[in-house]
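Below, chain A is the first sequence line, B the second, and so on; all start at residue 1.
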There are 2 protein chains.
Amino acid sequence: MPPSDLTALASRYREGLRHAVYLVRSMDAEGEYSTAQVSMMNMISANPLRVGDIARRLGIRLPSATEMVIKLQRAGLVERLPDATDARAVLVSLTGRGQAVLAEANVRRNEHLAEQLGQLDDDERAVLEAAIPVMLKLNLSPGDEPAIIHAK
Amino acid sequence: MPPSDLTALASRYREGLRHAVYLVRSMDAEGEYSTAQVSMMNMISANPLRVGDIARRLGIRLPSATEMVIKLQRAGLVERLPDATDARAVLVSLTGRGQAVLAEANVRRNEHLAEQLGQLDDDERAVLEAAIPVMLKLNLSPGDEPAIIHAK
DNA sequence: GGGCACAGTTAGGGAGCCTAATAGTTAGGG
DNA sequence: CCCTAACTATTAGGCTCCCTAACTGTGCCC
């Protein structure tokens, strides 16, 4: 594929990305908990994770993860436990209430989005579904560096 | 399509949306100007717009648009002019420097994203391209004009 | 055991969004 | 006409989520 076509596709995909951001924002506006919070809770729902692991997987810096954890802890959704194998580390796990809230938030968000998806026809949905794995591949900063680095 | 499949698709698309958000954030980290700023500037690059029109098309509230305009004005990229037909309104237009900065920002962002797209194979790119119009359809805000971002 | 690396927190700051309250302008009905 | 209701934008204050820099405490290794 010639570079000029790539750039043209990039330009159009930027529009799609912008709309995706709006969609996420509209979902955040509906529910009690933000996308960031729900993502973090989903991340630790299977196994407790260290704060550093959370930060790395969310693509943010450690202090940002600490801040989010503290807020969720104050809301009673999350616990901070010592790691038996390393006294420096802090394990973050969902409380019982956190599990309930998370389950409900996931249902809510899925239903909200399903409502939007219901307005598409079958072909459009198939096209969207096929694109999801590609969208996942496009994630920059495949593991190490956070997505956001403030210039300056 | 049964509702249960819709919800399952919603759940998977949520993951795609999350990655899209990361991608946008990583593009913001690279350049000097944010996606929000570039979108606003693209919006007024053809014709000056009123602050209210900008807010509506960006899907944000009036005070948020005012704030963004003021910041861009202080950076010398944008001007606020009176509307001859309505003394209440304020028209926002790009300065010469704003036009130059915008053109360069669009090029840089497209090249940055094109680099990512270049790592896909042709089938994946075709799938992604086909999904863009569907992504745009998903963002219709009820009652109002759809938020259309003019990427260049 | 001294020094360095690592995990996390604290402190301070910025972008970008919000609601509520305010000032100024327009337009329509009495 | 004028008065009021509706509209446009701004100001004020507040929130989340992200950042860097500086700090505390722990682990490791020579």
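- Scanning for side-chain hydrogen bond (donor to acceptor under 3.5 Å, both in side chains) contacts around A:Glu104 gives an empty result, with sequence neighbours left out.
- Base pairing in DNA chain C gives the following stems of 3 or more Watson-Crick or G-U pairs, range against range and under 3.5 Å: C:1-30 with D:1-30.
- Listed by chain and residue number, B:Arg14 satisfy the side-chain hydrogen bond (donor to acceptor under 3.5 Å, both in side chains) test with A:Asn110 (two or more places apart in sequence, or in another chain).
- A heavy-atom distance below 4.5 Å is not found between the side chains of B:Pro82 and B:Val90.
- Considering only residues two or more places apart in sequence or on other chains, B:Arg50 meets the salt bridge (Lys or Arg N to Asp or Glu O under 4.0 Å) condition with B:Asp83, B:Asp86.
- When the side-chain nitrogen and oxygen atoms of B:Ser64 are compared with OP1 and OP2 of C:dC18, one or more of them lie within a distance under 4.0 Å.
- Atom CD of B:Gln99 has more than 12 heavy atoms from other residues, nucleotides or ligands within 6.0 Å.
- Distance, B:Leu58 CG to D:dA9 P: 14 Å, rounded to whole Å.
- Of the candidate nucleotides D:dT8, D:dT11, C:dG8, D:dT8 has the atom lying nearest to any side-chain atom of B:Arg50.
- Protein atom CD1 of B:Ile54 is 10 Å distant from nucleotide atom P of D:dT10, rounded to whole Å.
- Proximity of a side-chain donor or acceptor of B:Ser11 to a complementary backbone N or O of B:Thr7 within less than 3.5 Å is not detected.
- Not a single salt bridge (Lys or Arg N to Asp or Glu O under 4.0 Å) links A:Arg97 to another residue, sequence neighbours left out.
- Two residues, B:Arg80 and A:Lys71, neighbour DNA chain D, and the one matched to the more 5' nucleotide by heavy-atom proximity is B:Arg80.
- Qualifying side-chain hydrogen bond (donor to acceptor under 3.5 Å, both in side chains) partners for A:Gln73, counting only residues two or more places apart in sequence or in other chains: A:Arg80.
- Residue A:Thr66 places at least one side-chain N or O closer than 4.0 Å to OP1 or OP2 of C:dT9.
- When each of A:Pro63 and A:Ala89 is assigned the nucleotide of DNA chain C bearing its nearest heavy atom, the one mapping closer to the 5' terminus is A:Ala89.
- With rounding to whole Å, B:Ile60 atom CD1 is found 14 Å from C:dT19 atom C1'.
- For the side-chain hydrogen bond (donor to acceptor under 3.5 Å, both in side chains) test, residues two or more places apart in sequence or in another chain that qualify with B:Arg12 are A:Glu129.
- Here C:dG24 presents its C1' atom at 15 Å from CG of B:Asp83, a figure rounded to the nearest Å.
- In this entry the distance linking CZ of A:Arg25 with P of C:dG16 reads 11 Å, nearest Å.
- Looking at residues two or more places apart in sequence or on another chain, you find no salt bridge (Lys or Arg N to Asp or Glu O under 4.0 Å) involving B:Glu79.
- Within residues 32-45 of chain A, no residue approaches DNA chain C, by heavy-atom distance under 4.0 Å.
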*Reading nucleotides 23-30 of chain D from the 5' end, what letters show protein touch, with B for base, S for backbone sugar-phosphate only, - for no heavy atom under 4.0 Å?*
--BBS---
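- For the side-chain contact (heavy atoms from CB on, under 4.5 Å) test, residues two or more places apart in sequence or in another chain that qualify with B:Pro63 are B:Arg61.
- Every residue two or more places apart in sequence or in another chain was checked for a salt bridge (Lys or Arg N to Asp or Glu O under 4.0 Å) with A:Arg25, and none qualifies.
- What separates CG of B:Leu91 from P of D:dA9 is a distance of 8 Å, to the nearest Å.
- Between B:Glu67 atom CD and C:dT19 atom C1' the separation is 13 Å, expressed in whole Å.
- To the nearest angstrom, P of C:dG14 lies 18 Å from CG of B:Asp28.
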